[in-house]
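Following: one structure in structure tokens, then a few remarks.
Source: prediction; values computed, not measured.
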Amino acid sequence: MPDTTYDPLAGQRGPGGAEFDVFLWGTVFLDIIFTGLPSRPSDGTEVWADGMGSSPGGTANLAIAASRLGLRTSLAAAFGDDDYGDFCWRTLSEQEHVDLGRSRRFDNWHSPVTVSVAHDGDRSMVTHGHPSPLSATELIGQPPRTRAVIVDLGDIEPLGDPSRATWVDLARKDDAKVFADVGWDGSGAWSTTVLDQLEHCDAFLPNAAEAMAYTRTDSAQDALYALADRVPLAVVTNGAEGALAIDATTGEEARVPALRVPALDPTGAGDVFGAGLVVGTLAGWTLEHRLAFSTLCSALAVQQFGGSLAAPGWGDIADWWHDLRDSTDQSSYTRSLRRRYAFLDEIVPSVPVGAVRRAAATIARNADVTPTSWSTS
């Protein structure tokens with residue numbers, strides 16, 4: 001069979017290089033997603049959904065997004081010994097080619113589960129799970145050599161503690177770039193001590209609400225400037241407004257608008273954006289191209305549901321660019337997109353026919369919605 005993989009970092013590989021491009025740690029959930037609801041469920045009512053999918057979620061969103069984009073990806077996570085754990089493990093390792101060498105199965109520990117209800121461009125979730133039987137440092141030990149790690153600053157021990165090196169510190173000593181994110185602070189404290197860890201990171205990718213809350217600013221732009229004083233690559237995603245960033249290592253500042261797309265399910269969109277940014281950064285693209293590419297990947301993902309399995313592969317990106325480039329539409333918006341993404345012409349010709357595309361998000365043998373809703377080509 002012909003090789004249908006595409007390696008965006010092929011020109012950088014050689015003897016003695018890192019084993020992986022990206023190494024991750026976190027919780028893997030079984031995600032069950034309902035979409036196409038006529039209304040949100042209310043007390044004492046039952047609502048029928050037009051579509052349903054199941055897929056690995058949590059950190060699996062990021063791992064699968066990175067792997068789909070050609071990064072050699074390794075994930076450390078705890079997996080239960082139940083059928084949900086079997087499904088998530090099999091999907092990650094066999095279908096999505098994510099290395100699980102630092103992951104472990106645990107007896108009598110059931111897999112975390114999230115039920116997500118997508119409605120009107122947003123989502124609500126119900127989750128059940130238990131902490132991992134081992135901490136990240138205990139589970140991982142010495143991390144493998146990798147070009148980059150992606151971490152949630154709220155889910156790890158403090159970085160840079162000389163008395164106890166975390167797995168992230170160990171990876172950075174081995175020349176890994178640290179791409180950091182942070183989750184929503186439900187306590188409302190938004191402690192600035194979280195930002196103190198940025199001196200041990202190479203990039204920080206919060207959304208606008210998180211960035212403004214942590215920096216005590218009133219706009220995404222002001223938040224970006226505040227973060228750029230703390231970390232070499234500061235990126236703020238701003239929903240329908242797009243994304244903005246400053247890269248102190250190259251002296252670039254850029255802003256790109258979001259694409260106009262019908263958003264079906266936003267689950268995992270931020271993870272897909274992050275994976276795209278890592279690809280572009282490791283490949284040495286300009287900041288504007290990195291932001292444009294990441295925004296495109298995120299826009300393609302939200303048009304499908306299933307979280308991790310909605311992440312686009314290079315086949316999806318090539319299809320999108322060919323359709324846009326060859327379209328007869330001469331509207332100002334379409335012409336703007338062609339200009340913004342013209343750099344793909346240098347990349348897409350190298351993408352082999354049959355390159356990786358999305359997979360159907362279902363735990364069953366057959367999807368339970370119409371085939372057009374589950375397109376894998």
Side-chain angles (χ1 to χ4, degrees), residues 6-9 12 20-24 26 59 61-73 75 146-153 168 171-172 176-183 198 201-208 210-211 220 223-224 227-228 230-239 241-259 266 268-302 308 310-314 316-317 320 340-341 343-344 347:
Y6 174 66
D7 184 356
L9 305 182
Q12 302 180 14
F20 297 104
D21 300 319
V22 175
F23 181 70
L24 308 162
T59 306
N61 292 336
L62 192 47
I64 290 175
S67 182
R68 292 261 179 98
L69 292 177
L71 297 180
R72 298 176 183 177
T73 305
L75 168 65
T146 181
R147 295 169 185 261
V149 297
I150 308 176
V151 299
D152 184 330
L153 294 179
V168 179
R172 196 170 193 223
K177 292 184 179 295
V178 179
F179 290 77
D181 199 349
V182 67
L198 294 181
C201 301
D202 298 279
F204 187 44
L205 292 75
N207 65 38
E210 295 158 351
L224 176 68
L227 294 174
R230 290 177 172 265
V231 67
L233 174 58
V235 182
V236 176
T237 58
N238 197 15
E241 299 299 316
L244 53 161
I246 294 175
D247 188 339
T249 64
T250 63
E252 296 171 281
E253 181 173 353
R255 176 192 295 265
V256 298
L259 280 74
D271 295 317
V272 173
F273 182 96
L277 192 80
V278 172
V279 168
T281 300
L282 295 182
W285 298 351
T286 67
L287 183 59
E288 184 176 2
H289 290 172
R290 280 179 272 168
L291 289 188
F293 181 75
S294 304
T295 302
L296 169 61
C297 291
S298 183
L300 292 175
V302 300
S308 61
W314 278 104
D316 299 301
I317 294 165
W320 178 86
R340 192 183 318 153
Y341 288 96
F343 71 95
L344 289 178
I347 301 170

Phe293 vs Trp285 aromatic rings, parallel, tilted or perpendicular, using cut-offs 30° and 60°? perpendicular
Do Pro8 and Ile347 come close enough that some side-chain heavy atom pair is under 4.5 Å? no
With sequence neighbours excluded, residues passing side-chain contact (heavy atoms from CB on, under 4.5 Å) with Asp271: Asn61, Leu62
Using atom types as modelled and distance alone, determine if a side-chain donor or acceptor of Tyr6 lies under 3.5 Å from a backbone N or O of Gly70. no
Show the nearest heavy-atom pair for residues Ala211 and Val236, with the distance to one decimal. CB-CG2, 4.1 Å
Counterpart residues, side chain to side chain donor-acceptor pair (under 3.5 Å), relative to Arg72 (two or more places apart): none
Applying side-chain contact (heavy atoms from CB on, under 4.5 Å), name anything that partners Ala234, two or more places apart in sequence or on another chain. Leu224, Leu227, Ala228, Val231
side-chain contact (heavy atoms from CB on, under 4.5 Å) against Arg147, all qualifying residues, sequence neighbours excluded: Leu9, Gln12, Arg13, Ala18, Asp21, Leu282
Can you name the side chain to side chain donor-acceptor pair (under 3.5 Å) partners of Glu288, sequence neighbours left out? none
Minimum side-chain heavy-atom gap Val149-Phe179 below 4.5 Å: no
Show every salt bridge (charged side-chain N to carboxylate O under 4.0 Å, His left out) that has at least one partner inside residues 274-285, sequence neighbours left out. none
Which pairs count as salt bridge (charged side-chain N to carboxylate O under 4.0 Å, His left out) when at least one residue sits in residues 249-259, sequence neighbours excluded? Glu252-Arg290
4.5 Å side-chain heavy-atom contact, Leu296 and Leu259: yes
Do side-chain atoms of Arg68 reach the backbone of Ala311 as a donor and acceptor pair under 3.5 angstrom? yes
To the nearest 0.5 Å, what is the distance between CG (Leu75) and CZ (Phe23)? 7.5 Å
From CG (Leu153) to CG (Asp181), nearest 0.5 Å: 8.0 Å
Return the set of residues passing side-chain contact (heavy atoms from CB on, under 4.5 Å) with Ala245 (not counting sequence neighbours), or none when no residue passes. Val235, Leu287, Leu291
Residues two or more places apart in sequence or in another chain: which of them pass salt bridge (charged side-chain N to carboxylate O under 4.0 Å, His left out) with Arg172? Asp202
Looking at every non-hydrogen atom in both residues, tell me the closest pair between Val272 and Pro312 and how far apart they are. CG1-CD, 3.9 Å
Heavy-atom nearest pair, Ala258 first then Gly239, reads CB-O, 3.7 Å
Minimum heavy-atom separation for Ala180 and Cys201, please, with both atom names. CB-SG, 3.8 Å
Between atom NZ of Lys177 and atom CG of Leu233, what is the distance when rounded to the nearest 0.5 Å? 9.5 Å
Pairwise side-chain contact, Ile317 with Leu69, heavy-atom cut-off 4.5 Å (strictly under): yes
NE2 (His289) and OH (Tyr341) are apart, to the nearest 0.5 Å, by 10.5 Å
Nearest heavy-atom contact between Thr73 and Ser67 is OG1-N, 3.5 Å
Throw together a table of side-chain donor-acceptor distances under 3.5 angstrom for residues 273-280, partners on residues two or more places apart or in other chains.
none

